[in-house]
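Structure, as structure tokens:
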Amino acid sequence: MPAGRIYLETFGCQMNELDSQLVQGALSARGYSFTPDSDAADVILYNTCSVREQAEQKVWSRLGELKRAKDARPALVVGVLGCLAERDGADLIRRMPVVDILCGPGELDKLPALLDNAVRTRAALPPDSARASARQVALQGSASRRSATLAAAADDLEMLDLSRAISPTDHSGSAYVRITRGCNKFCTYCVVPFTRGAEVHRPPEHIIDECRRLADAGVLEVTLLGQTVNHYRFEHDHATAVAGVTQPQKGRAYKGSHHRDALEGERVTTFAGLLRRIHDEVPSIRRLRFVTSYPRDFGNDVLEVIRDSPRICRYLHVPVQTGSDRMLRAMNRGYTLAEYEEFLARARAYLDAPGRPLMLSTDVITGFPGETDDDHDATMGLLRRARFKNCFIFKYSPRPGTVAFDRLPDDVPGEVKRRRNSELLALQESISDEVSRAQVGLTFDVMVEGVSRKALRESGLTHGEIRRAAGAVALTVAGRTVAESEAHDHACAGEHGCDARSHVLAPAPEGPVQLSGRTDGDQIVFFDAPAGVDAARLIGRILRVRVERAHRLGLHGVITGN
Ligand code: SAH
Ligand code: SF4
Ligand code: F3S
């Protein structure tokens, strides 16, 4: 059996983090091992993101650095997985001959076979043949959106999730579970429908079974993943099975507002129905979260289920993108600002409660083609009224292959984008500060996620090792915090409002070990570990913490119980 040590680094969103975990499980089962040290690896895999140019730049520079490593170690195998591989395809190989494997996010089930082949081929090449090809490619190609063949063929990608290796020792109390893959929305700026393919919903039984297995292994918090989770819909009458495995079902095109009537019927599982089933059937999951919600078609059925289910978090991430109706149309978002604000009011009416406030967050793109000062002011106005807990602000980045790239000139000058970006940031910072301060005096359940940098230093790891390990292997000392910090650094790079996750690694003052965690409203909380307790052992536990002071980056509190 071929084997080797793999260095795996992950860029991009939670979907990619989950993909990396699944890939790691599948490759471990074939005898590969994982190392946080890229210099010690036989195989280097980057799981990439393509959502903005800056995300791609990071990968390009990593690949550039590998040229020398590959000259020195011709047997090194380099693989590019994920959205950049899918978007750039063969061009990527032309630009970067160091790449041996290209594997799109829709083809990751094929990765073990590709890697075995590449490792064998590389090993068989003469030692001086650094440039010779061991090339293995699996891309979906945007022309063949995977769902077209779903009715006829087995959806092998489902097997990657189904064969997920779950063990009580390799999680930090929290886990992602995919409910929907791909996206049918085609917002004019976005690459995701091209890189991740058509929307496909997993059978509810598979999702619930995965949640149950995670809970049995000690996971307390599950985050359901999808680009538009509230579009989830599985029609049992149309379910098909291949070799005894129920197949995922393709989503519909989202042109009309049919989801209004998608109430839970006997034979349909909607998002509301799915949430209720997971909540009720797997009660040992103490926290159920989901991202990302699409602003339109967010029915009262979902809000009612959240309201009536104590273990579903009071947190909604609902990207608005812009406060201008004109820009919303140009982005093909399919809702008006008034509809978005009506949704916010409805969500608050259902879910905001004394002592358990509903927290909302959003994404904004600034400098979309044609955006005027008036459009920008409309977005500022929305932020003032909506009072989001935080807002991720992105400067528009034209993406090849999208409608906006082809049809709308990127005409907002860089300096105007930067100015609008900083105005939005400054405004949101002051709002985040106020939202945080309003929590002082409340006591929350807090899921412990990490220890401060001081404690990490005491673990003997250097900062570089922590960063490199972040995308590669779960760190038992601070697993999730470090990984999130890396993901955040990646997403942030100074261009949007920071929500403090990267600050978990900020130096702590001398004294007790500082822990960080999250409320069920997704607010970051810092607090001291009790004296004499091994702080790392508290990771993944839920503790009661009373908030004593607060600022825009988080809350500071004291433990009052568990
Ligand atoms: N499915 C989610 C978002 C996925 S991408 C949704 O629809 O809400 C995450 C965020 O990246 C988006 O919400 C958007 O704000 C941002 N984004 C996507 N494409 C972008 C682009 N071309 N330029 C700048 N930001 C972009
Ligand atoms: Fe992209 Fe829009 Fe789909 Fe979100 S809903 S992934 S922004 S196309
Ligand atoms: Fe995620 Fe980036 Fe792909 S945000 S879906 S990894 S383009």
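The figures that follow rest on heavy atoms only: side chains count, while hydrogens, waters and symmetry mates do not. Sequential numbering from 1 along the given sequence is applied to the chain's residues. Note that the coordinates shown come from a computational prediction; the quantities given were computed from them, not determined experimentally. Atoms within each ligand, like the ligands themselves, are counted from 1 in listed order.
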Short N-O contact, [X] and [Y], less than 4.0 angstrom:
X: D373; Y: R419; answer: yes
X: D301; Y: R276; answer: no
X: E415; Y: R418; answer: no
X: R178; Y: D19; answer: yes
X: R181; Y: D155; answer: yes
X: D91; Y: R94; answer: yes
X: K58; Y: E53; answer: no

request  = Can you check the number of protein N/O/S atoms within less than 2.8 Å of atom 2 (Fe) of ligand 2?
outcome  = 1

key: Aromatic ring pairing Y7/Y46, orientation class (parallel under 30°, perpendicular over 60°, tilted between)   = perpendicular

[X]/[Y] aromatic ring centres below 6.0 Å:
X: Y189; Y: F405; result: no
X: H231; Y: F271; result: no
X: F234; Y: H201; result: no

request  = Would you please name every residue forming a side chain to side chain contact (heavy atoms under 4.5 Å, CB included) with L160, sequence neighbours left out?
outcome  = L22, A26, L108, L157

Shortest protein heavy-atom distance from atom 7 (S) of ligand 2, along with the residue and atom involved = Y189 OH, 3.4 Å

key: Atom-level proximity to ligand 1, residues with heavy atom under 4.0 Å   = V51, R52, Y189, Q227, T292, P319, Q321, R333, D363, I365, F394, K395, Y396, S397, R399

inquiry  = Please give me the minimum heavy-atom distance between I278 and C211, naming the atom from each residue.
reply    = CG2-SG, 3.9 Å

Under 4.0 Å from ligand 3 - residues by heavy atom, chain and number = C13, N16, T48, C49, S50, V51, C83, V192, R196, Q227

